[in-house]
K.L.:
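For reference, the structure I am asking about is given below.
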There are 2 protein chains.
Amino acid sequence: MAKAGAPSKAVANGTGRSAVTRRQLVDAAIATLQLEGYTGTSARSIARRAGLNQGLIFYHFGSVANLLLAALDSVSQERLQRYEAEVSGVTNPSRLVDAAEEIFRNDLKAGYVTVLVEMIAGASSTPGLGPEVSARIQPWRGFAQSAIEAAVGDSPLGSVLPAKDVAHAVVALYLGLELLSHLDGDPGPALALFARAKGLAELLEALTTPSTPKEAP
Amino acid sequence: MAKAGAPSKAVANGTGRSAVTRRQLVDAAIATLQLEGYTGTSARSIARRAGLNQGLIFYHFGSVANLLLAALDSVSQERLQRYEAEVSGVTNPSRLVDAAEEIFRNDLKAGYVTVLVEMIAGASSTPGLGPEVSARIQPWRGFAQSAIEAAVGDSPLGSVLPAKDVAHAVVALYLGLELLSHLDGDPGPALALFARAKGLAELLEALTTPSTPKEAP
DNA sequence: GTCTATACTTGGATAGAC
DNA sequence: GTCTATCCAAGTATAGAC
């Protein structure tokens, strides 16, 4: 039925020529978003970085916006997968704060969140992009909510501060801290905050499990 | 010494022709940033909205980036002045949360923070813009810190959570919530958060002033 | 001093070559 | 199916008109 050589429909991976070109364009798009911001990310700047003709973007992705969404998907999937493994098994607040700090440091160094932040900001300019980006943030809200529920358990805190609301705040705070750290070129204030959160989490643990005081040395 | 008709050096206000044109361009720049985002904000799009020739931007401001910084200054000064009046005299946490929510609602409706967020995001693309934007956020950190110190006083909470660190978090959270509210076109989750914060603040007040329990009805 | 017409550069998208 | 050469719109900036 299919002609010999007809490309598989597989979008993510593959070894065919098309797949290789697509991968190169996606990688170049990620790097360009990180280094030049949304406004500096054009078909030409991406193609230049990839060493390819800019027309290929329109052949393989239809538009620059579509390529950027593919880039966001690529980064998002990779991160979500890794981080879910990292926080699985975390069942107390202070270790969750540790994990969160580790994630923040890693994201900042690798520039992962920059891609997301630039896309969010760019959504104001590119018609139709908003809902697409919004949908790609949804999994992160769910991830944060699950992690918080697992770490806090069913303590009374959950009733005054529902995990769902806190998860929204955490995602927002995370984006804001990244925004400011990147702008100032100084992650110091953000990292100081994680230290404070750690202290607070330990205090919380001491309060919620008063029947298990510190072991004697 | 000066020729008759030599324009005053006053940048902010004035009734001369130059001042009027500048004002129109600043206002159009604000509106364009809000409605079309950083990428959609070009000399042409601003001038079109103002009904002026785009060359005027370069005559009066030297570059598009300079006009955008003037727009940011205009919005920032107006907001800071108004909000400082609003929180002056607030000396307890729950009323500070009320004020913060009012500010958030107002900002969201008027699109004030959008201007700032777009400029932050755009700073990645435009060389030299980062430090300028960063400097214009500084007053807001100070504003938040003062408000928190005034509301929390010298309670023991201040030692585990210093006002300076909290202020940084508040600014970041504020930007993040604005980012998400705007993206989703739904301020619901953010507003729900203010309600939770209010509950928490009231709880805090009850704990820190246990000698003054609720009056009997 | 103020503004407009024009020059030149970069961007998105496609018709047509391989 | 894959890619390149080319088209036209939109961007910044300025030389010159008023």
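Residue numbering restarts at 1 for every chain, and letters A, B, ... go by the order of the sequence lines.
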K.L.:
Does A/R17 get its side chain close enough to the base of D/dG1, under 3.5 Å, for a donor-acceptor pair?
P.N.:
no
K.L.:
Can you tell me how far P of D/dC3 sits from CD of A/Q54, to the nearest Å?
P.N.:
14 Å
K.L.:
Between D/dC3, D/dT12, C/dT4, which nucleotide gets closest to the side-chain atoms of B/N53?
P.N.:
C/dT4
K.L.:
Hey, are B/N53 and B/Y59 close enough side-chain-wise for a donor-acceptor pair under 3.5 Å?
P.N.:
no
K.L.:
Between B/S42 and D/dG11, is there a contact of a side-chain N or O with OP1 or OP2 at under 4.0 Å?
P.N.:
yes
K.L.:
Enumerate the protein-to-nucleotides 15-18 of chain C contacts in which both atoms are nitrogen or oxygen and the separation is below 3.5 Å.
P.N.:
none

K.L.:
Does A/T21 place a side-chain N or O at less than 4.0 Å from the phosphate oxygens OP1/OP2 of D/dC3?
P.N.:
yes
K.L.:
Provide, to the nearest angstrom, the distance between the CG atom belonging to A/L25 and the P atom belonging to D/dT4.
P.N.:
11 Å
K.L.:
Expressed as a whole number of angstroms, how long is the span from A/I46:CD1 to C/dA13:C1'?
P.N.:
14 Å
K.L.:
What is the distance, to the nearest angstrom, from the CG atom on B/L67 to the P atom on D/dG11?
P.N.:
14 Å
K.L.:
Is A/S124 reaching over with its side chain to a backbone N or O of B/E36, donor-acceptor style, under 3.5 angstrom?
P.N.:
no
K.L.:
If you only use heavy atoms from C-beta on, which nucleotide in C/dC3, D/dA5, D/dA13 is closest to the side chain of B/F58?
P.N.:
D/dA13
K.L.:
Whole Å only: how far is the CG atom of B/L68 from the C1' atom of D/dG11?
P.N.:
14 Å
K.L.:
If you pin B/R48 and A/R44 to their nearest nucleotides in DNA chain D, which one's is more 5'?
P.N.:
A/R44
K.L.:
Checking A/R141 against B/D184 for the salt bridge (Lys or Arg N to Asp or Glu O under 4.0 Å) test, could you report, in this order, the C-alpha distance in whole Å, the side-chain angles of both residues, the deciding distance, and whether it holds?
P.N.:
CA-CA 13 Å; A/R141 280 200 252 257; B/D184 296 336; 2.9 Å; yes
K.L.:
Atom CZ of A/R22 and atom P of D/dG1: how far apart are they, to the nearest Å?
P.N.:
14 Å
K.L.:
Apply salt bridge (Lys or Arg N to Asp or Glu O under 4.0 Å) to A/R95 and A/E202, showing your working.
P.N.:
CA-CA 9 Å; A/R95 288 203 38 225; A/E202 283 167 349; over 6 Å; no
K.L.:
In whole angstroms, how far is the P atom of C/dA5 from the CD1 atom of B/I57?
P.N.:
16 Å
K.L.:
So, is B/H60 close to the C/dG1 phosphate, meaning a side-chain N or O under 4.0 Å from OP1 or OP2?
P.N.:
no
K.L.:
Rounded to whole Å, please give me the gap between CG in B/L56 and P in D/dT14.
P.N.:
15 Å
K.L.:
Under 3.5 Å, side chain of B/T32 to main-chain N/O of B/A28, donor-acceptor pair present?
P.N.:
yes
K.L.:
D/dT2, OP1 or OP2 - any side-chain N/O from A/Y59 closer than 4.0 Å?
P.N.:
yes
K.L.:
Quick one: does any side-chain atom of A/R49 pair with a main-chain N or O of A/S45 as donor and acceptor, under 3.5 Å?
P.N.:
no
K.L.:
Are a donor atom and an acceptor atom from the side chains of B/T41 and B/E118 found within less than 3.5 Å of each other?
P.N.:
no
